[in-house]
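Here is the naming used below: chain letters follow the sequence lines, and residue numbers restart at 1 for every chain.
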Number of protein chains: 2
Amino acid sequence: MPKQVDHRERRETIARALWRVVEQRGIAQASVREVAQEAGISHGAVQHYFATREEMLVFAVDFASAQTSLRVAEGVSALGDPPHPRDLLRVMLTELLPLHPDARTTSRMSAAYVLEALHDANLHARARDGLAHGRDLVERIVRQAVADGHLSPDRDPATETHLLLALTGLTPLVELGVIEPREALTAIDQYLNRLFSKGT
Amino acid sequence: MPKQVDHRERRETIARALWRVVEQRGIAQASVREVAQEAGISHGAVQHYFATREEMLVFAVDFASAQTSLRVAEGVSALGDPPHPRDLLRVMLTELLPLHPDARTTSRMSAAYVLEALHDANLHARARDGLAHGRDLVERIVRQAVADGHLSPDRDPATETHLLLALTGLTPLVELGVIEPREALTAIDQYLNRLFSKGT
């Protein structure tokens, strides 16, 4: 196996081990030592791939975002071409919410990271940039939907974008079992149908 | 001062110290030792009031919820009698989101607690009950709004309740500075105005 590929794969294996630690025991437990044990490799081996816990954490979060994007792309490829913005947004929201095991893993990683970033200046800038990037992506979809006549031009794209992103606020309800994943999907569908029905 | 009151006050002082530790350094740092130091009292004194870290944490979260409810009650008392459900829900959402320092403190406490509850069976049941209680409260407001003709009877109260609670999903955007508090308020107002405008 080429060295470059092997290096990348080892880092991803370590990142997945970190996700499991975060999902099952919380980010406070995600030390280099614990992650090494979860990955079944030595402490020194992890340090070979990541100089610090922070470097490991940042890679694990970026990898989680990339995997979420891959799942979204897969979902979108099953839609029409071009997809209706309602369907596109539905796929994105479904993958951001903990509605199936893979999405739950990346959702918990992301939630824990945001909280950690609130008291870590280095992580704060990175986390903010990541969220701002996601926001810009959704805003482009909203603006295009207005341009294509799917959304009424009297909608403010920025506000609609924030309201769409707010739907990730269903997460604690699903995570704590207050509502079922299908109830979260019903709410998302209700919201999107109403948003795209223009008159109502 | 009566002993009962003093006991309660000391517990609240410790809870506020715990909130500050969570807000500034994260829940992982909220050990009995760190909280005692933040409160400016001895480790043994904290242990006099709370037998375990978990007991201290549970009290601090319940106290945060109670303080949020007090702020909501204060905001509601400034409204008409009876208040319009739109205004009532606006006050509730404003106090749940980190839009001012007191609300930010309790919001962070609550977010950290939910994540901690995901891998702690004792906390899980308590956190779920707390969130379910909040959900039931909002659903009663929604059902009353339908009964009073403020909301169209073709709205499903459960789904509307979940969508209202989802607005707390604006939290990470505000916390990381991706949007300003006033943009979050604009989104909430837009949502509530649309919800209560019936025809639109």
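Most heavy-atom pairs under 4.5 Å with chain B, from the set D120(A), I179(A), D129(A), V178(A): that is V178(A). The candidate with the highest count of non-hydrogen atom pairs below 4.5 Å against chain A, out of V114(B), L173(B), L165(B), T168(B), is L173(B). Top candidate by heavy-atom pairs under 4.5 Å with chain A, chosen from E183(B), E116(B), R108(B), Q190(B), is R108(B). Per-residue heavy-atom pair counts under 4.5 Å with chain B were compared for L163(A), L170(A), L167(A), and the maximum is reached by L163(A).
In this structure, the portion of L115(A) lying under 4.5 Å from any heavy atom of chain B is its side chain and not its backbone. Of the two parts of E175(A), the backbone and the side chain both hold a non-hydrogen atom closer than 4.5 Å to a non-hydrogen atom of chain B. For Q29(A), no part sits under 4.5 Å from any heavy atom of chain B, backbone or side chain. Contact of R135(B) with chain A is made through the side chain alone, with heavy-atom distances under 4.5 Å.
Taking the ring centre of F59(B) as origin, the terminal cationic atom of R11(B) falls inside the region bounded by 6.0 Å and 45° from the ring axis.
Salt bridge present: R194(A) and E160(B) bring a charged side-chain N and a carboxylate O closer than 4.0 Å.
Every residue meeting the salt bridge (charged side-chain N to carboxylate O under 4.0 Å, His left out) condition with R71(B), not counting sequence neighbours, appears here in chain and number order: E95(B).
Atom CD of E74(B) is surrounded by 12 or fewer heavy atoms from other residues, nucleotides or ligands within 6.0 Å.
The shortest heavy-atom contact between T171(A) and S107(A) is CG2-OG, 3.8 Å.
Within the structure, every pair that satisfies the salt bridge (charged side-chain N to carboxylate O under 4.0 Å, His left out) test and touches residues 82-94 of chain B, not counting sequence neighbours, is listed here: R90(B)-D189(B).
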